[in-house]
Novice: 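Have a look at this one before I ask anything.
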Amino acid sequence: MLDIQLLRNDVDAVAARLAGRGYTLDGAAFTRLEAERKQAQVRMQELQATRNAASKQIGEAKRKGEDASPIMARIATLGDELKAAEQAYEEVQKQIDLWLLSIPNLPHESVPVGRDETDNVEVRRVGVPRSFDFPVKDHVDVGAPYGLDFETGAKLSGARFTVLRGDIARLHRSLAQFMLNTHTEEHGYTEMYTPYIVNDNILYGTGQLPKFAEDMFKVQKGGDEAGPDQYLISTSEISLTNTVRDSIIKTDELPLKMTAHSPCFRSEAGSYGRDTRGMIRQHQFDKVEMVQISHPDTSFDALEEMVGHAETILKKLELPYRVITLCTGDMGFSATKTYDLEVWLPAQNTYREISSCSNCGDFQARRMMARYKDESGKNQLVHTLNGSGLAVGRTLVAVLENYQNADGSITIPTVLRPYMGGRDRIGG
RNA sequence: GGAGAAAUGGCCGAGUGGUCGAAGGCACACCCCUGCUAAGGGUGCAUACGGGCAAAACCUGUAUCGAGGGUUCGAAUCCCUCUUUCUCCGCCA
């Protein structure tokens, strides 16, 4: 959520910055709503002040044993007026809130301006894609003999669900363990385990609601149709970041660094026909997530650091990748700056997203009311960052494709061997 | 699932219809006193959103005692619904 003061002071400047990310801000509508709000609020507060003063007088009169009926007669009709005024105010305020909640974050000045992913800027490439002297298979064909099973996944749950068994399942688990251990032991993150089902208000905090409900899975308690709205998390960013909701953090406790391995559930409405083969795009996938709650002064340093943490995983796995800066038009709703890590997939002969690291500035903090106390004792909004470190399913894809051998076997990356019982290959 | 109790400021805790945004204590900040040891005194110390105002200081209004509704001129206090916590019983991995 943007600072409403920013909008009150200079709607046009905000609109100009949002235009860069392809969002059209209706400044005139805002100005109109704001005028209405001010009028309604002043009116309501005046009536409340009148009522409060009269009630005090009544109290005093009664204590002295005087007759309070003249005062009561004077404000006889106040109640109805006040009720109407309060309703009018609430109505406008609700409109403003909903409008505010649907505006995306402002891009940071350092973000390249552009329309879509073709305008993203490559920052660096690390590692050299291996050259194969045999026909390269994609992960579906590489993994099938060892337990990568889409057919059974579809039987159980439909398209975009996968069953892993045997060596592939273990490789998948090993990747998650390896990532989690690296972030906790080498990067200073606290390991977390959090709910996978969250209340709807939590999703307002991180920005999935009110605009992106169609990407989420909504769940219901058995037999409880009137129960609270709850959703499966689409990323553990949601649960990790919201742990600091409604709290005031001591300055010397910043930054808070949290990591978790969790499943992610995405309905991906609107992505039909994209990446239908294989496990690139699934309704359920695992991810190791990093979240930092940062002091505003250091959040952009923290972003660079976090990208480095994600890169460490790829480096240790010896997977070639590149880092790109997303342009204004390609960034997510809550982000003020985002780096994507893209891993080399030989079968697709291209780099594909495997991590996304964003600084959200105070955008989520304002929605969550997450603050710290500054030196002068004032409460200030924290900055929030999140990054994949990494998407486990896609990392599995990358390992299968990059480590495949001519005989159909798969070499196990060196760092994963301790997690795989010391073996150095699958099959062969 | 059944029965009962509870939820107040950073923390503890008083407050059952009328100047209560809330006593008192702790913690914290500053000042004074004291030349010495976890001593004494004073002051300050919730948040959000408005208006004066373009902004700071300042003045001022409104809301907030788990959440939402209701009764009332007036609600922390009475009523209803919900949430959470605790105790006991049952069930369960």
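This structure is a prediction, so every number in the text was calculated from the model and none was measured. Here is the naming used below: chain letters follow the sequence lines, and residue numbers restart at 1 for every chain.
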Novice: When you look at NZ of A:K315, are more than 12 heavy atoms from neighbouring residues, nucleotides or ligands closer to it than 6.0 Å?
Specialist: yes
Novice: The side chain of A:R37 lies closest to which of these nucleotides: B:C49, B:G51, B:A48?
Specialist: B:G51
Novice: Can you name the residues that form a side-chain hydrogen bond (donor to acceptor under 3.5 Å, both in side chains) with A:D97, not counting sequence neighbours?
Specialist: A:Q93
Novice: Check each of A:N402, A:L345, A:L341 against A:L319 using the side chain to side chain contact (heavy atoms under 4.5 Å, CB included) test, and report the only one that passes.
Specialist: A:N402
Novice: When the P atoms of B:G42 and B:C26 are considered, how many whole Å apart are they?
Specialist: 12 Å
Novice: Work out how far the P atom of B:C78 is from that of B:A6, and round it to whole angstrom.
Specialist: 11 Å
Novice: Please give the distance between the P atoms of B:U8 and B:A76 as a whole number of Å.
Specialist: 15 Å
Novice: Within this structure, what is the CG-to-P distance between A:D200 and B:U83, rounded to whole angstrom?
Specialist: 14 Å
Novice: Atom CD of A:E66 and atom P of B:G18: how far apart are they, to the nearest Å?
Specialist: 18 Å
Novice: Angle class for the A:F30/A:W99 ring planes (parallel below 30°, perpendicular above 60°, tilted otherwise)?
Specialist: parallel
Novice: For the ring pair A:Y231 and A:F217, is the centre-to-centre distance below 6.0 Å?
Specialist: no
Novice: Checking A:R417 side chain against A:I412 main chain: does a donor-acceptor pair fall under 3.5 Å?
Specialist: yes
Novice: Taking protein heavy atoms under 4.0 Å as touching, what does nucleotides 58-79 of chain B look like 5' to 3' if B marks base contact, S marks sugar-phosphate-only contact and - marks none?
Specialist: ---BSS---------BS-----
Novice: On a whole-Å scale, what distance lies between the P atoms belonging to B:A29 and B:A39?
Specialist: 15 Å
Novice: Quick one, A:E91 with A:R37, criterion salt bridge (Lys or Arg N to Asp or Glu O under 4.0 Å). Give me CA distance, side-chain angles, the key distance, then yes/no.
Specialist: CA-CA 9 Å; A:E91 189 133 323; A:R37 186 225 95 229; over 6 Å; no
Novice: Could you check whether A:R371 gets within reach of a base, just the sugar-phosphate, or nothing at all, counting any heavy atom under 4.0 Å?
Specialist: sugar-phosphate
Novice: Could you check how far NZ of A:K94 sits from C1' of B:C49, rounded to whole Å?
Specialist: 18 Å
Novice: Could you tell me whether a side-chain N or O of A:S294 sits under 3.5 Å from a main-chain N or O of A:T384, the two making a donor and an acceptor?
Specialist: no
Novice: Please test A:Q208 against A:I238 for side-chain contact (heavy atoms from CB on, under 4.5 Å), starting from the C-alpha separation and ending with a verdict.
Specialist: CA-CA 9 Å; A:Q208 285 76 23; A:I238 294 167; 3.6 Å; yes
Novice: Say you pick atom C1' in B:C86 and the same atom in B:U16; how far apart are they, in whole Å?
Specialist: 23 Å
Novice: Rounding to the closest angstrom, what is the interatomic distance between B:G13 and B:C65 at atom C1'?
Specialist: 13 Å
Novice: Would you sketch RNA chain B in dot-bracket for me? Only Watson-Crick or G-U wobble pairs with both distances under 3.5 Å count, crossing pairs as [ ], other-strand pairs as |, the rest as dots.
Specialist: ((((((((.[[[..)..(.....]]].(((((.......))))).(((((((.....))))))).[[[[[..)....]]]]])))))))....
Novice: Using the C1' atom on both, measure B:G69 against B:U83 and round to a whole Å.
Specialist: 15 Å
Novice: Taking atom P in both B:G41 and B:C33, compute the distance separating them and give it to the nearest angstrom.
Specialist: 16 Å
